[in-house]
Amino acid sequence: MTDKQFERRIVLIQQGNKQGLKEIYDEYGKMIYQCAFQILRSKQDAEDITSDFFLKLWNIADTYCFGGKHKRWLVTIARNMSLDMLKKRSRELLILNGESDEGFSNEPADSVSTEDTVTGNMTVKEAMNELDDSEREIVNMRIFAEMTFKDIAAALEKPLGTVTWKYHNAITKLRNNIGEAQY
Amino acid sequence: MKKINEKKLKKLYIAHCESSAPDMDSIWEKIESELDEKSENRVTSKPVRTFNFRRAAVWCAVCAAVVIAVPAALIGMNNPKLISNMSSDSAAMDDTARYENAGAEQEYNAAEEAADGDFAYSAEEGRVDEFTSDNASGRIEGRVYYSDLDLAYSLDSLRPREMPYAETSGDEFFVEDSVLIETDVIVDAVVDMVYSSGNGTVCYILKAEDQDKNDMGSILVESATPYLMKMNREYILPLKENAGEYSLAFENAPQMECTGDGGVVFHNGWESLTEGSEYLVYLQNGVDDFFYDRMRFSYIDAMSVLTDKWRLLKNNEGD
């Protein structure tokens with residue numbers, strides 16, 4: 001979706017037309033989910049962020065700065081929401097740990113499922129779990145969200161050089177881990 | 001062993017993301033049902049539009065031409081002498097109009113340049129006007145709007161695109177305790193002067209008082225943050241001090257801004273201040289503003305609250 005097409009959908013939302021939101025959801029729903037998942041590492045939380053995100057978008061469409069880069073805007077909001085939830089979750093975890101041992105687990109996501117693409121001795125999912133948090137985010141933004149390095153740097157508030165360096169490091173790790181098997 | 005190539009890796013990753021995505025239809029159903037509940041309360045508004053200086057200038061010129069040229073043509077047809085006199089008069093008027101339009105043209109150029117570049121046009125007066133007029137009907141009851149706050153008059157002397165690129169220093173993620181621990185002095189300061197250092201940073205001359213109300217006189221703070229502070233405005237600033245030189249304790253966020261009636265504008269990273277605060281509708285100041293949807297407003301005595309916490313943290317650190 002181009003910036004112009006996105007702006008047309010935003011105008012629809014501003015007019016109270018749900019179709020505008022639906023079309024943005026169809027285009028970017030999975031991207032928002034993946035952004036949230038890379039930070040929260042929980043399917044349920046990422047789903048919650050995805051639905052909250054689009055409800056928020058419905059409410060804040062009036063504040064969209066026309067002429068801006070929409071993908072960067074969407075990812076930044078989704079990221080902020082995920083970080084807020086992560087912060088809240090770690091506070092809850094502290095309280096739970098103080099009261100009981102049955103806190104919720106902060107372990108990375110869910111166990112490997114059969115639907116994952118096995119390409120060797122590591123699936124894509126396992127190989128992704130070997131990356132650090134920021135590497136995972138960068139890989140996801142670059143490959144799945146198809147963002148430019150400049151937009152990624154802006155969304156993560158990191159220097160451009162750091163982002164490209166981390167990306168290439170991550171790709172090397174992924175290639176090694178996945179390729180070591182019988183691909 | 002043969003390594004997987006990057007193209008194949010990308011394909012695999014996209015396939016992995018697609019296959020591990022949740023049921024998007026059911027999430028949409030959830031969103032839609034919540035929207036239906038809220039739809040009656042939804043306040044619609046017109047899209048944000050910017051004032052088109054060029055169009056306005058063209059319309060003014062056309063009107064002026066009609067007013068001047070039509071009577072002149074009618075009179076001149078009967079009196080050729082009058083035409084030459086009027087020509088010199090209109091030339092003088094053209095000069096005056098050029099000077100008068102220069103300001104508008106300059107504004108237009110800034111807006112056009114901003115549209116071409118990465119940054120949105122951010123002259124504050126423009127933002128406030130478009131927000132109060134075009135979106136007046138779109139206001140949501142119970143929300144505080146930045147443009148309504150009692151803020152000192154300020155004409156931005158610098159815009160983000162005028163700043164050369166410079167890396168901000170310090171942490172990238174805001175954590176209140178960490179920022180306060182790094183703080184050497186908390187000041188209540190009014191921005192007296194703003195200028196570009198020429199090496200990618202902005203220099204602020206501040207008239208400052210410290211947390212104990214001691215007058216610090218004028219101090220210089222140099223910063224690379226794109227979240228510019230504005231002339232004449234008052235801020236509460238946690239600062240670091242090194243051999244008499246001051247810098248912002250946390251650069252990558254908007255600083256706490258004071259209003260004339262004792263309120264304070266801040267982002268939600270300042271957890272000690274958020275209780276009882278209100279969500280602030282704050283227009284995004286360019287595409288690099290990542291905090292505009294996290295801004296809060298409160299009448300809390302931010303200076304006292306933060307000073308108390310800062311002292312506590314410093315004491316604990318000393319222990």
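The basis for the numbers below is simple: all heavy atoms, side chains too, and nothing from hydrogens, waters or symmetry mates. The chains referred to below are lettered A, B, ... by the order of the sequence lines, with proteins before strands, and numbering in each begins at 1. Everything numeric in this text was worked out from a predicted model, so none of it was measured.
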To the nearest 0.5 Å, what is the distance between [atom1] ([X]) and [atom2] ([Y])?
X        : Y        : atom1 : atom2 : result
B:His16  : A:Thr123 : NE2   : OG1   : 7.5 Å
B:Trp28  : A:Asp26  : CH2   : CG    : 7.5 Å
B:Lys10  : A:Ile143 : NZ    : CD1   : 6.0 Å
A:Thr76  : B:Asp293 : OG1   : CG    : 9.0 Å
A:Lys125 : B:Cys17  : NZ    : SG    : 11.0 Å
A:Lys30  : B:Ile27  : NZ    : CD1   : 10.5 Å

Under 4.5 Å from any heavy atom of chain B, what part of [X] do you find: side chain, backbone, both or neither?
X        : result
A:Ala155 : backbone
A:Lys22  : both
A:Gln38  : side chain
A:Arg79  : side chain

*For the student: nearest non-hydrogen atoms of B:Tyr279 and A:Ile60, plus distance*: OH-CG2, 4.3 Å

Any [X] side-chain heavy atom under 4.5 Å of [Y] side chain:
X        : Y        : value
B:Asp36  : A:Lys18  : yes
B:Leu35  : A:Phe54  : no
A:Gln34  : B:Ser20  : yes
B:Tyr292 : A:Ile77  : yes
A:Asp84  : B:Arg294 : yes

_Tell me whether A:Asp48 is salt-bridged to B:Lys30, with the criterion being a basic N under 4.0 Å from an acidic carboxylate O._
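Looking at B:Lys30 together with A:Asp48, the answer is yes, because their closest N to O distance falls below 4.0 Å.
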
*Option in A:Thr50, A:Leu83, A:Asp52, A:Asn140 with maximal non-hydrogen atom pairs under 4.5 Å from chain B*: A:Asn140

*Answer yes or no: is there a donor N or O on one side and an acceptor on the other, between the side chain of A:Tyr25 and the main chain of B:Met24, under 3.5 Å?*
yes

